Amino acid sequence: MESVTENNLYERDESFRDSIATITKEGKRAWIYPKKPNGKLYNYRTLVCYIFLAIFFLLPWIKINGHPFMMLNVIERKFVLMGIAFFPQDFFLFVLAMITFVVFIALFTALFGRLWCGWACPQTVFMEMIFRKIEYWIEGDYMQQKALNAQAPNPQKSLKKLAKHSIFFFISFIISNTFLAYIIGIDEWKQIALANPSEHTGGLIAILLFTGVFYGVYARFREQVCLVVCPYGRLQGVLLDPNSVVIGYDYGRGEPRGKLHKGAERTNGDCIDCHQCVSVCPTGIDIRNGTQLECINCTACIDACNSIMDKINKPHGLIRYTSENAIRNKEKFKVTPRIIGYSIVLFVLLSTLITLLAMRSDVETTILRTPGMLYQKQGADSISNLYNIQLVNKTFEEIPVTVKAYGQHGTIKWIGNGITKIDEQGIADGEFFFIMPKNEISKTKTKIKFEIWSNGKMIDKTETNFLAPNN
Ligand code: SF4
Ligand code: SF4
């Protein structure tokens with residue numbers, strides 16, 4: 001790319017956007033060998049990522065009142081969050097939570113850019129803080145890695161590769177087991193893990209498949225996840241605006257870039273074109289070109305450039321957390337109409353979600369007239385309707401229940417034994433006649449209410465219709 005000069009400072013060549021650093025002109029994968037990062041931000045990031053890793057691996061083991069803190073059993077459609085069980089009947093809450101989350105992401109990204117990607121995304125955390133560190137440990141820094149890969153097969157190379165890939169596979173196995181524990185719960189996971197593998201061949205195959213996927217991602221696919229797979233990464237073009245915080249190169253200060261020559265008077269900007277910021281980049285980009293989709297905000301280039309600034313006695317921050325408006329127009333952060341709009345929508349959605357969660361009952365009742373049945377004459381003076389009832393217990397306790405009609409003269413006559421309890425996290429189905437004396441019926445269609453009582457407390461109610469002949 002042509003260097004930016006004082007005259008064309010703000011009219012930069014954008015042709016670098018026509019290609020990506022990880023694909024060669026022939027369309028093959030260009031392997032990235034990022035230099036080992038080092039610096040204050042990297043140390044902070046390491047600490048934060050280790051905290052996230054500890055949370056990720058420990059969370060399935062945490063229980064509240066003997067129930068998982070978090071379980072996402074998509075197979076049996078049972079979900080537990082903070083010890084509270086959610087069922088398919090709560091699907092509307094899930095949809096609302098997802099919409100709220102999307103709006104939150106849009107607001108967060110408009111404000112802070114891809115902070116998530118660099119500091120908290122599992123892909124970056126696993127890749128940069130586990131797998132990459134192991135690679136540096138076994139194969140050395142980027143130059144040694146390049147040299148090793150260029151070597152003809154030899155025992156030392158084979159040993160290093162075998163050690164690296166065995167450890168990668170083992171860690172992938174642990175990660176996929178942890179994901180399984182999130183799905184089926186730690187107790188069931190323990191049963192599977194301790195049992196003879198032949199008793200759980202399906203589970204074993206699933207684990208090995210997931211292990212293979214994780215291994216493939218971290219051993220080979222790597223940054224391609226962020227570049228071509230992750231929808232969040234691909235949406236950056238619409239989520240970011242010139243006020244968003246990004247990792248940016250201060251071209252006003254750095255340009256025109258030029259090599260440092262000892263003893264010669266420097267007339268260029270602060271960038272000495274040392275390429276250290278490019279060498280450390282795990283996605284292979286040159287941040288001096290401007291904000292790019294490939295930048296995962298890992299901060300490695302900030303640390304690299306700051307260490308160079310130390311060496312040439314210039315202030316830190318030639319590459320820093322900033323915004324395009326701050327670099328170009330020296331503007332401070334401002335609240336834009338877009339941020340206000342997102343905030344209002346988020347507030348409304350969050351309030352609705354919290355209200356619905358607070359109103360959520362432990363038992364969900366559905367009572368519907370049995371399809372195809374109108375009414376039945378019961379003797380000379382009564383009419384009945386047949387109903388199907390379903391009670392869902394969303395708690396971890398068995399709930400004793402009594403179904404009562406509210407505000408109507410009539411009696412419930414169960415078919416079979418009726419429903420007297422609902423098992424923990426269970427569903428109870430039943431059928432009953434509701435019989436009303438004719439003299440209490442004034443319309444062909446009467447609204448009737450049923451209440452569900454447990455231990456002297458009304459825990460849910462619902463409404464349905466009662467049909468009667470026209471007389
Ligand atoms: S440009 Fe800098 S922050 Fe962005 S991915 Fe590369 S090294 Fe990380
Ligand atoms: S590390 Fe700093 S000085 Fe070196 S090329 Fe990058 S921006 Fe310029």
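As the structure lists them, so they are numbered: ligands from 1, and atoms in each ligand from 1. Only this structure's heavy atoms are used, side chains among them; waters, hydrogens and symmetry mates stay out. What you see is a predicted model; the values in this text were computed from it and never measured. Numbering starts at 1 and runs along the sequence shown.
Ring geometry for Trp189 against Trp61 counts as perpendicular: the plane angle is over 60°, on a 0 to 90° scale with 30° as the lower cut.
Partners of Glu128 under the salt bridge (charged side-chain N to carboxylate O under 4.0 Å, His left out) rule, at least two apart in sequence or in another chain, are Arg132. Qualifying salt bridge (charged side-chain N to carboxylate O under 4.0 Å, His left out) partners for Arg220, counting only residues two or more places apart in sequence or in other chains: none.
Shown are Lys133, Lys157, Lys164; of these, the salt bridge (charged side-chain N to carboxylate O under 4.0 Å, His left out) with Glu139 is made only by Lys164. Results of the side chain to side chain contact (heavy atoms under 4.5 Å, CB included) test with Ile20 over Glu223, Glu294, Gln292 single out Glu294 as the only residue that passes.
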side-chain hydrogen bond (donor to acceptor under 3.5 Å, both in side chains) between Asn149 and Lys161, intermediate numbers included: CA-CA 10 Å; Asn149 282 356; Lys161 293 287 176 193; 2.7 Å; yes
Evaluate the criterion salt bridge (charged side-chain N to carboxylate O under 4.0 Å, His left out) for residue pair Lys394 and Asp362; output intermediate values, then yes/no. CA-CA 5 Å; Lys394 299 177 185 172; Asp362 286 345; over 6 Å; no
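A donor and an acceptor atom, one from each side chain of Tyr232 and Thr109, are located under 3.5 Å apart.
Between the CE atom in Met70 and the CD1 atom in Ile84 there is a gap of 13.0 Å [rounded to 0.5 Å].
Only protein N, O or S atoms were scored, and 1 of them lie under 2.8 Å from atom 4 (Fe) of ligand 1.
Taking distances strictly below 2.8 Å, the protein N/O/S atoms close to atom 8 (Fe) of ligand 2 are Cys271 SG.
Ion pairing between a basic and an acidic side chain is recognised when a charged N comes within 4.0 Å of a carboxylate O; Arg288 and Glu255 show no such pairing.
Each of the atoms 3 (S) of ligand 2 lies under 4.0 Å from some heavy atom of Met309.
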